[in-house]
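Below you'll find the structure, written out as structure tokens, and then a few comments.
Sequence lines set the chain letters: A, B, ... in the order given, protein chains first and strands last, and positions in each chain run from 1.
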Amino acid sequence: MRIELVKRPQHSALFSALSPFIALALTLVAGAIMFALLGKNPVQALYLYFIDPLREVWSLHELAIKAAPLILIGVGLSVCFLSNNWNIGAEGQFIVGAIIGSILPVLFPEFQSWIVLPIMLLLGIVGGAAYGSIPALLKVRFNTNEILTSLMLVYVAQLFLDWLVRGPWRNPEGFNFPQTRSFHEFAILPELLPASGRANWGFAFAIIAAIVLWFLLSKTLKGFEIKVLGQSPRAGRFAGFSNARMVFFAFLVSGGLAGLAGISEVSGAIGHLQPSISPGYGFTAIIVAFLGRLNPLGIVAAGLVLALSYLGGEAAQISLGVSDKVARAFQGMLLFFVLASDTLIHYRIRLVGRQAAPAAEAPHGNA
Amino acid sequence: MGMLESILLTIATAATPLLIAAIGELVVERSGVLNLGVEGMMIMGAVTGFGVALTTGSPWLGVFAAILVGAVFSLLFGFLTLTLVTNQVATGLALTLLGLGISGMAGEAFVGQPGLRLARLDIPGLSDLPVVGRLLFGQDPIFYISIALTAAVAYFLFRTRAGLTLRSVGDNHTSAHALGIKVIAIRYMAVMFGGACAGLAGAYLSLVYTPQWVENMTAGRGWIALALVVFASWRPWRVLAGAYLFGGVSIGQLHAQAFGVGIPSQLLSSLPYLATVVVLVIISRNRRLTMVNTPASLGRPFVPDR
Amino acid sequence: MQSGTNKDNGGVVKTTLNAGDEPLLEVRGLTKVFGTLKACDSIDLAIGKGEIHALLGENGAGKSTLVKMLFGTLEPVAGEILWKGESVRIASPSDARRLGIGMVFQHFSLFDALTAAENIALSLEEKTPIARIAERARELSRSYGLPLDPSAHVGDLSVGERQRIEIIRCLLQHPDLIILDEPTSVLTPQEAEKLFKTLETLRDEGKSILYISHRLEEVKRLCDRATVLRHGRVVAHCDPRKETAASLARMMVGSEVHAVVRAAPPKDADHSPLLEVAGLSREPSNPFAIPLRDIHLTVHAGEVLGIAGVAGNGQGEFFEAISGEALQDKAGMVRIRGKDAGRLDISGRRLLGAAFVPEERLGHGAAPRMRLSENLLLSRFRTDAKSYLTHIGIIRESTISAATRRIVSDMDVRKSSEDPEASALSGGNLQKFIIGRELDRQPAVMVVNQPTWGVDAGAAAHIRQALIDLARAGSAVLVISQDLDELFEISDAIAVMHDGRLSAPVPVGEATYEKIGLLMGGADASTPPTAAMEAV
């Protein structure tokens, strides 16, 4: 018994749409099995994970809070992955964006005005983009693999943040906790609908970014350029597109968006800088990008699904005593299933018996 | 034992997991497959090694279990990339994320528990030599395995017919297939070998380097191992040199931290990562070198027509 | 009694195999299906001992598929193979080798990073040490006139030298039947002659050869018998020496092939130089590239200039230099319509009125996973920005779709859906689209690299006619091709590229295959012909 792949002459539009759902279904099945093995009721566990968080409005707000950075980073990553630039360092760009964006409230807390927040957001974008430009520069000038460089820079960014909040930026009035002073009110990202929950403008940024990038990718020449350079770099060169410029474009856009996500998270949900400001958003966003099939609108949905898994993890920990690390395992499994299901878009799968009918044993077909 | 000797000793301990993981990945990449999941396989090896050693009381059982788990875990990657022909970069990342997730989950029970340590193996006579004695002949058993592994892989790749076949698959899988070479089977075996090595390297971390379990304790070593393979231009002995260089940097900065040098500890801790970037830049600059040494079909999908 | 009856197209054509001769290889009703495509449909074939048997057919007729089944790389879905009278199943190349069937592929199965000896060793099953293999290879190369250095790295070797590795590797296994797939497509006429001598020596030793080709003169010169395939079916068995090239062509294509009409250029036509290359040199951009040295050429309005040359002599590098994918040091090295273009990128050169068609269709001339309409935009978004894009860069889908439909109908592109992905089209149809895309702009300068490789005869004729018509309408056309027949058919003058240098163009009336062949092999154009022949 052997699995054989038969290439489809064209991509299957049907499976392009179905594949994320197939992946989700498979993940749910695998998750159910996993829960059963852990000794928990699978149905109850899945319910807690995926349905329960949707039942209350405040919980929906929490969902938006968790989804915002995933979507923001995810849509940036879609531009990168579509152009074959593998930005694995979004986590680092998130952190650096948060750091640079926090300069005003941390170092100049006396400067309080409505203009502080916009400057912070802008600095966050610039910081993330600048940090993202490092692997881009190394790739273009020195032909260095961007996966490894962007990833190494994540560790560097984390260590840098750690040093800042334990050292020069530590809150002088803060009882020696490793964190900066709390941001003043002008430096806090306001909530969208304060009456019903905590969701802040970060979610709005995410939706806007998704719509803008969707339009860019599907309707404009730039989007065409991104896709051609990613799929067939030589054809892109033949068209007159510059691969070097695209590397920078992709990393600046995704770095900037990751930086925006970083400063939004810090000025919205957290309110100050501390050593750990992200539960791995930069990496989970990779899963979001693939689950959303690298389409910004799909990424919005995928971001919500993965945010759900974070919330569900917290809920399951409280109610079932299941570790919140299970969410991570879930997310990893999901990416696996997404990639496996994507195969159906390019190939038809055939199960082949021992061997195809051999020539010698077929009867004479002619006289 | 002098300061220098103890520093050199710890360099070997720091270098060994890098060496083993990198040698495994070297074989995988020589067959034309790019497996970015080394970090994930390593951490699975670390948690398995620790857990099995703890529950059975035998560190060696832990080591064997880790090797097994590494190989099986890599099969997931193999199935997706070799049979379903998924994108190798994305699948490798998925393997890492999955490995970090599962190991975090499985290892929760082990946090804070004291670990078992693999016993040192002194080679009688030789280990009493001054300076080099303890260093070269008085190490833990896996150190010796790592050196033997390097030599074995070098011999295999360049002096055996099977190694030649594997290299040919990495050079041009279409030609290899046309010659009747079983490309997919060879790649599966290479991938599992890489997984086994990564598992072993992970077990080394949790059973020799620091006998304990901490979430994400690999701290990027899997990624550094990947960089090492590039740095070494896919040659086994150069991987050894690179691993020891990195071991040196890692230990150097740890000692500097302990010493109380005025530099902030976080900066020192980031040295291995920065060094990786620098080394990658240096080796990649030379495009000629890169082109000539990189296995030509690395990362490319292979679907045989039947 | 063997007879080559086949039930196709009404004709029952007898073979010339004598009664009583047991064939070495016989194939009955062999069929292979890929998805919905019947690549081989119930093929019957017989090859005797000590015979050179031609397998004729145009691109896409099923020749390669058939021999892959004989060599074990593919397995048939129906039919049987008889080897020395016995029914056999060839499930892998090792089965084929064990039977005594060897094959030299058109696209070599070689490993650039390994030496010639290592390459040969990989195709042999025995565990003989490589040194012994190298020794045996050296012996064979001497006895059959195929010079080869076993310790050379394949990546450094020329195409002709690589082919010799393939042949020697095949001979080392003492085959009774040797299959050669389009062997002369990568050789100069002189190298081809040497190959024929080698093949005749093998035949005289009692070996059989299955010779695949679409080159009729060669087949007539070399082969004893021929089987003609068309659309996957056998349409004839014949003796090529008794046929004419025209009758063979008719069998291959099934109808009269339209000869290309090359009208004389009008008397008072404009002859201004539209493409001028002066002193073009280019350093290799990677270790395997060929440097270009001091190339000069001029293509005038109304003219078709052909550049001949064996693959691997710098054609690709030259194309990139002219198209602007690689910029020149001095702006004046390339001039288009009288303007310096050396520092302009490809879009800049297109805006000056030039159009380019590269050798590789999928991955260079077109993006395989993008639809035809998107591929239209690929090379036209700058030149046609006003019609295809809005001010801010939004794509005008309907305008592009209409233009695509127009090109498809002008060039008679066959496809299975309204706007399919480029990879879904056959080679010939995609090439028609790509050329049509450029012709649609009525460019003043058209540069084409390998216009009809892998393209069926009908499409090829269409394309060649289109290029000539473009020239006669006043454009300058530069055609780079490995197909000498094609160049003689459409060019007004032929220059030869060898090792990165370009010879002076020879007007087609004065050019002969021999002269051009010598230049392709590197002989200096000024060397008297006889001395050069001996040197080769």
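- Inspection of non-hydrogen atoms places B:Ala90, B:Thr91, B:Leu93, B:Ala94, B:Leu95, B:Leu97 of residues 90-97 of chain B under 4.5 Å from chain A.
- Heavy atoms of A:Phe283 lying under 4.5 Å from chain B belong to its backbone as well as its side chain.
- Interface summary for chain A: among B:Val281, B:Asn286, B:Leu100, the most heavy-atom pairs under 4.5 angstrom belong to B:Val281.
- Neither the backbone nor the side chain of A:Ile134 comes within contact range of chain B; no heavy atom of the residue lies under 4.5 Å from a heavy atom of that chain.
- Distance CD/B:Glu215 to CZ/A:Arg328: 6.5 Å, rounded to 0.5 Å.
- For the options B:Val85, B:Ile283, B:Leu80, B:Leu271, heavy-atom pairs under 4.5 Å to chain A are most numerous at B:Leu80.
- Residue contact with chain A, scored on non-hydrogen atoms closer than 4.5 Å, involves the backbone of B:Ala219 exclusively.
- The heavy-atom pair separating A:Ala329 from B:Leu98 by the smallest distance is O-CD1, 3.6 Å.
- With rounding to the nearest 0.5 angstrom, the CG atom of B:Asn87 is 4.5 Å from the CH2 atom of A:Trp86.
- To the nearest 0.5 Å, atom CG of residue A:Leu138 and atom CZ of residue B:Arg285 are 11.0 Å apart.
- Contact annotation for B:Leu76: both backbone and side-chain heavy atoms come within less than 4.5 Å of a heavy atom of chain A.
- Between chain A and the residues B:Leu36, B:Leu84, B:Thr86, the most heavy-atom pairs under 4.5 angstrom are made by B:Leu84.
- Taking B:Val230, B:Leu280, B:Ile224, B:Ile102 one by one and counting their heavy-atom pairs under 4.5 Å with chain A, the maximum is reached by B:Leu280.
- Residue A:Leu339 touches chain B through both its backbone and its side chain, counting heavy-atom pairs closer than 4.5 Å.
- From A:Arg141, atom CZ reaches atom OG of B:Ser284 across 13.0 Å, with rounding to the nearest 0.5 Å.
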Mind running side chain to side chain contact (heavy atoms under 4.5 Å, CB included) on B:Leu267 and A:Leu159 for me, showing each step along the way?
-> CA-CA 7 Å; B:Leu267 177 57; A:Leu159 287 164; over 6 Å; no
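- The side chain to side chain donor-acceptor pair (under 3.5 Å) search around A:Ser83 returns A:Asn85, not counting sequence neighbours.
- Among A:Tyr155, A:Phe81, A:Trp163, A:Phe330, the residue with the largest count of heavy-atom pairs under 4.5 Å with chain B is A:Tyr155.
- Contact annotation for A:Leu5: both backbone and side-chain heavy atoms come within less than 4.5 Å of a heavy atom of chain B.
- With a 4.5 Å cut-off on non-hydrogen atoms, A:Ile88 touches chain B through its side chain but not through its backbone.
- Highest contact tally toward chain B, considering only A:Thr343, A:Asn143, A:Leu344, A:Leu334, is held by A:Asn143 [criterion: heavy-atom pairs under 4.5 Å].
- Between the CZ atom of B:Phe77 and the CZ atom of A:Phe336 there is a distance of 8.5 Å, given to the nearest 0.5 Å.
- When heavy atoms are compared at a cutoff of 4.5 Å, A:Ile349 approaches chain B solely by way of its side chain, counted from C-beta outward.
- For chain B, the option among A:Val338, A:Leu153, A:Asp342, A:Val326 with the highest count of heavy-atom pairs below 4.5 Å is A:Val326.
- Across A:Ile287, A:Val156, A:Thr284, the residue that shares the most heavy-atom pairs under 4.5 angstrom with chain B is A:Val156.
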Show the numbers, then the answer: is there a side chain to side chain contact (heavy atoms under 4.5 Å, CB included) between B:Thr276 and A:Leu148?
-> CA-CA 8 Å; B:Thr276 306; A:Leu148 295 173; 5.7 Å; no
Evaluate the criterion side chain to side chain contact (heavy atoms under 4.5 Å, CB included) for residue pair A:Phe160 and B:Gln266; output intermediate values, then yes/no.
-> CA-CA 7 Å; A:Phe160 183 55; B:Gln266 293 94 341; over 6 Å; no
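- Using a 4.5 Å cut-off between heavy atoms, A:Phe290 contacts chain B through its side chain alone, with no backbone atom that close.
- For a residue to count as touching a neighbouring chain, one of its non-hydrogen atoms must lie under 4.5 Å from one of that chain's; by this rule A:Asp162 touches chain B with backbone and side chain alike.
- Both the backbone and the side chain of B:Thr83 have a heavy atom closer than 4.5 Å to some heavy atom of chain A.
- Counting heavy-atom pairs closer than 4.5 Å to chain B, the top residue among A:Val154, A:Thr149, A:Val6, A:Leu151 is A:Leu151.
- Here the CD1-CH2 distance, from A:Ile147 to B:Trp223, works out to 7.0 Å after rounding to the nearest 0.5 Å.
- For B:Leu226, the parts lying under 4.5 angstrom from a heavy atom of chain A are both the backbone and the side chain.
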